[in-house]
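One structure below.
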Amino acid sequence: LFPYTTLFRSENENGITYIWANWDITDSQGNHIGNKVVRFPYQSRKTLELSDRSIQEFDTFENSYMIPVIDQLNDLIAFRIKYSEENQKIRVYKLSEFKKGINNILSEFTIPYKYNYLQGLSILEDKFYIRTGDTNSANWRDYLVEFDWKTGTEIRSEERRVGKECMESV
């Protein structure tokens, strides 16, 4: 289904669980040529191809790698947009509008470079959270960062190491 993904999100609509994800588009030789944001109903043990009728494709208004995160209670969907390793942004929409193809950006802000090595994302109400780092902080430090997504202001960050080394000392 996904050549590589670290994140996907779910949404419950009318009793059906949908999975939201970035779908890498490849040519016949397997070369990456683009991206799509898709939503499809969860089906246990089923492999999907992009041609499957259950897959809904959404206009992202550009062709970049976009990871979706959802705050369904507050009708929000946000994307981490990766233009390059050095240039990444967060963009927030109303979920109901985005699903209708309405390009009404509520907020957009640049992720500071030191937080670009992404491990996780979340949005809740007016806060956006990023989890960063790599194995044992070899090249990228492990941070948990909180932003006000309406202004893009970093509220706080904490270095939070995780992994085997951290658990051995507990």
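Worth knowing before you read on, the calculation uses all heavy atoms, side chains too, and leaves out hydrogens, waters and symmetry mates. The first residue of the sequence shown is numbered 1, and numbering continues consecutively from there.
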Roughly how far apart are L73 CG and E125 CD, rounded to 0.5 Å? 9.0 Å
Does Y113 have any ring-ring contact (aromatic ring centres under 6.0 Å, His included) partners at least two apart in sequence or in another chain, and if so, which? W140
Without swapping roles, check the side chain of N116 against the backbone of E85 for a donor-acceptor pair under 3.5 Å. yes
Answer whether the closest heavy-atom distance between the side chains of I130 and L118 falls below 4.5 Å. yes
Sorted by chain and number, sequence neighbours left out, ring-ring contact (aromatic ring centres under 6.0 Å, His included) with F58 holds for W20, F98
If you round to the nearest 0.5 Å, how far is CZ of R9 from CG of D71? 11.0 Å
Apply the test side-chain hydrogen bond (donor to acceptor under 3.5 Å, both in side chains) to residues S64 and E62: give CA-CA distance (whole Å), side-chain angles for both, the deciding distance (0.1 Å), then the verdict. CA-CA 6 Å; S64 297; E62 63 179 271; 2.8 Å; yes
I'd like to know if the side chain of Q72 and the backbone of N12 have a donor-acceptor N/O pair within less than 3.5 Å. yes
Listed by chain and number, what are the side chain to side chain contact (heavy atoms under 4.5 Å, CB included) partners of I25, not counting sequence neighbours? W23, I33, K36, L50
Interatomic distance, CD1@I111 vs CD1@I90, rounded to 0.5 Å, equals 3.5 Å
Main-chain N/O of Y143 paired with T132 side-chain donor or acceptor, under 3.5 Å: yes
Spatial distance of atom CZ (R80) from atom CZ (R91) [nearest 0.5 Å]: 13.5 Å
Nearest 0.5 Å please: distance from the CG atom of N22 over to the NZ atom of K82. 11.0 Å
What do the steps show when you test R39 against Q56 for side-chain hydrogen bond (donor to acceptor under 3.5 Å, both in side chains), and what is the final call? CA-CA 5 Å; R39 177 182 97 144; Q56 295 174 287; 2.6 Å; yes
Ignoring hydrogens, what is the shortest heavy-atom contact between Y93 and N104? Give both atom names and the distance. CD2-O, 3.5 Å
May I ask you to decide if W149's main-chain N or O and S107's side chain share a donor-acceptor pair within less than 3.5 Å? yes
Using a side-chain heavy atom cutoff under 4.5 Å and only I, L, V, M, F, W and Y, what cluster partners does I16 have? Y18
Please check if L106 and I123 belong to a single hydrophobic cluster, counting links between Ile, Leu, Val, Met, Phe, Trp and Tyr side chain heavy atoms closer than 4.5 Å. yes
Can you tell me how far the CG atom of D24 sits from the CG atom of N35, to the nearest 0.5 Å? 5.5 Å
Electrostatic pair E11:K99 at N-O distance under 4.0 angstrom: yes
When you measure from the side chain of T151 to the backbone of T153, do you find a donor-acceptor pair of N or O atoms at a distance under 3.5 Å? yes
Contacts of D75 that satisfy side chain to side chain contact (heavy atoms under 4.5 Å, CB included) - sequence neighbours left out: K94, L95, S96
Short side-chain to backbone donor-acceptor contact, S84 and E86, under 3.5 Å: yes
For K89, salt bridge (charged side-chain N to carboxylate O under 4.0 Å, His left out) partners two or more places apart: E108
Tell me whether the NZ or CZ atom of K127 lies within the 45° cone about the ring axis of F147 and under 6.0 Å from its centre. no
With side chains defined as the heavy atoms from C-beta onward, is the minimum distance between D52 and F40 less than 4.5 Å? no
Verify, without hydrogens or angle tests, whether D148 (side chain) and G152 (backbone) share a donor-acceptor contact under 3.5 angstrom. no
